[in-house]
2 protein chains.
Amino acid sequence: MKFSRTSQRRVILSELRKLKSHPTADELYTIVREKLPQISLGTVYRNLDQMAEAGIVQRLELCGRQKRFDGNIDRHYHMRCPDCGAVKDVENDRMSHVESILSDVLEDLDAEGFWIEFTGQCKDCNKPRVEII
Amino acid sequence: MKFSRTSQRRVILSELRKLKSHPTADELYTIVREKLPQISLGTVYRNLDQMAEAGIVQRLELCGRQKRFDGNIDRHYHMRCPDCGAVKDVENDRMSHVESILSDVLEDLDAEGFWIEFTGQCKDCNKPRVEII
DNA sequence: CCATTTTTAGTAATGATTACTATTTTTAAA
DNA sequence: TTTAAAAATAGTAATCATTACTAAAAATGG
């Protein structure tokens with residue numbers, strides 16, 4: 001599939017690039033409609049997804065559509081399979097070093113906390129790729 | 001508000017603690033129904049949220065309900081305000097050090113990538129807390 | 001036991017996203 | 001430049017995870 005050049009895609013991209021606010025699709029829809037009053041919300045969604053897939057824009061967040069829960073409340077880390085969507089615990093000794101640096105970063109930024117997640121394919125995963133974002 | 005002791009909450013928690021799979025609410029609902037066939041999906045949702053709020057279980061993922069997009073595709077980091085949900089870019093020199101350690105971690109884990117996100121209140125945020133998860 | 005608070009099951013509503021479809025636009029080659 | 005194929009569009013309907021609502025039931029603490 002090739003990208004066609006359309007005014008909709010051009011305006012969506014240029015408006016997104018002007019913003020520092022990391023907008024949602026519907027926020028961008030509101031902005032883009034000032035230039036293209038006839039554009040539809042579905043067009044905004046479709047173009048953002050296509051451009052994210054192509055690496056032209058960044059889609060924030062790794063998490064899927066559904067919330068996931070963990071009975072283990074100790075600090076530990078997860079790896080999410082981009083193909084089947086499964087989430088598994090991972091362990092690595094270097095993470096304590098990462099945590100100590102990030103605790104300094106938190107002070108610098110005056111932030112409250114951080115979240116780290118890994119992506120990687122399950123060893124035993126043969127399922128077709130699912131859209132996890 | 002105090003927690004009452006109910007069989008629903010007890011079974012939800014004990015079944016969750018048995019699992020390594022980080023289930024979604026509806027996956028857990030399916031499992032819990034084997035013990036309590038009359039339980040409703042809403043009860044599972046409500047109890048998981050309450051227990052997450054109380055720190056008894058962990059809710060994975062930080063991201064909100066809506067996807068967010070960024071025109072800047074260079075590697076950089078975000079801080080999400082737990083009160084108003086806004087997402088802002090943050091910068092810190094220590095992050096390059098974190099990245100170099102994490103690239104070793106990726107090799108160890110045979111993972112593909114990582115995602116880091118910070119939480120922290122906006123300086124100018126007076127909005128009431130919104131449920132971002 | 002009893003009044004108050006909390007929780008429940010069941011159902012309806014919400015809201016973000018995706019799917020569908022007939023039409024229009026873009027593309028690239030003749 | 002036509003022109004046929006491919007891609008994209010607007011508008012609408014459908015989906016699906018989650019939340020809200022409600023009357024009834026259960027738990028709590030005196």
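Lettering follows sequence order; numbering is per chain, from 1.
- Phosphate contact (OP1/OP2 of D:dG11, side-chain N/O of A:Q38, threshold under 4.0 Å): present.
- Between A:R59 and A:D49 there is a salt bridge, since a side-chain N of the basic residue sits under 4.0 Å from a carboxylate O of the acidic one.
- Rounded to whole Å, the distance from OH on A:Y29 to C1' on C:dT17 is 14 Å.
- Judged by the 6.0 Å and 45° rule, B:R75 forms a cation-pi pair with B:F114.
- Residue contacts for A:D26: at a heavy-atom cut-off of 4.0 Å it reaches no nucleic acid atom on any strand shown.
- We find that CZ of A:F3 is positioned 11 Å from C1' of D:dA7, with the value rounded to whole Å.
- The main-chain N or O of B:H22 is found under 3.5 Å from a side-chain atom of A:R68 such that the two form a donor-acceptor pair.
- Within the 4.0 Å cut-off from OP1 or OP2 of D:dT18, at least one side-chain nitrogen or oxygen of B:Y45 is found.
- C:dT7 atom C1' lies 8 Å from atom CZ of B:R9, rounded to whole Å.
- Here the P atom of nucleotide D:dA17 and the CG atom of B:L48 are 15 Å apart, to the nearest Å.
- Within the structure, every side-chain polar atom (N or O) of B:T6 is placed at least 4.0 Å from both OP1 and OP2 of C:dT6.
- One finds no side-chain N or O of B:Q50 lying less than 4.0 angstrom from the OP1 or OP2 phosphate oxygen of C:dT6.
- For the pair A:E15 (side chain) and A:I12 (backbone), a donor-acceptor distance under 3.5 Å is absent.
- Atom-to-atom, CD of A:Q8 to P of D:dA7 comes out at 17 Å; the value is rounded to the nearest Å.
- Residue A:N92 forms a side chain to side chain contact (heavy atoms under 4.5 Å, CB included) with just one option from B:L102, B:V105, B:I101, and that option is B:V105.
- Phosphate contact (OP1/OP2 of C:dA9, side-chain N/O of B:S40, threshold under 4.0 Å): present.
- The 5' end of DNA chain C is approached more closely, in terms of each residue's nearest nucleotide, by B:K2 than by the other of B:T43 and B:K2.
- Between A:S7 and A:G42, the one whose closest nucleotide on DNA chain D sits nearer the 5' end is A:S7.
- Of the candidate nucleotides C:dT17, D:dA10, D:dT28, C:dT17 has the atom lying nearest to any side-chain atom of A:L41.
- Regarding A:D49, its CG atom lies at a distance of 16 Å from the P atom of C:dA16, rounded to whole Å.
- Whole-Å rounding puts the A:R46 CZ to C:dT24 C1' distance at 13 Å.
- For B:N47 and D:dT18, the CG to P distance is 15 Å, given to the nearest whole Å.
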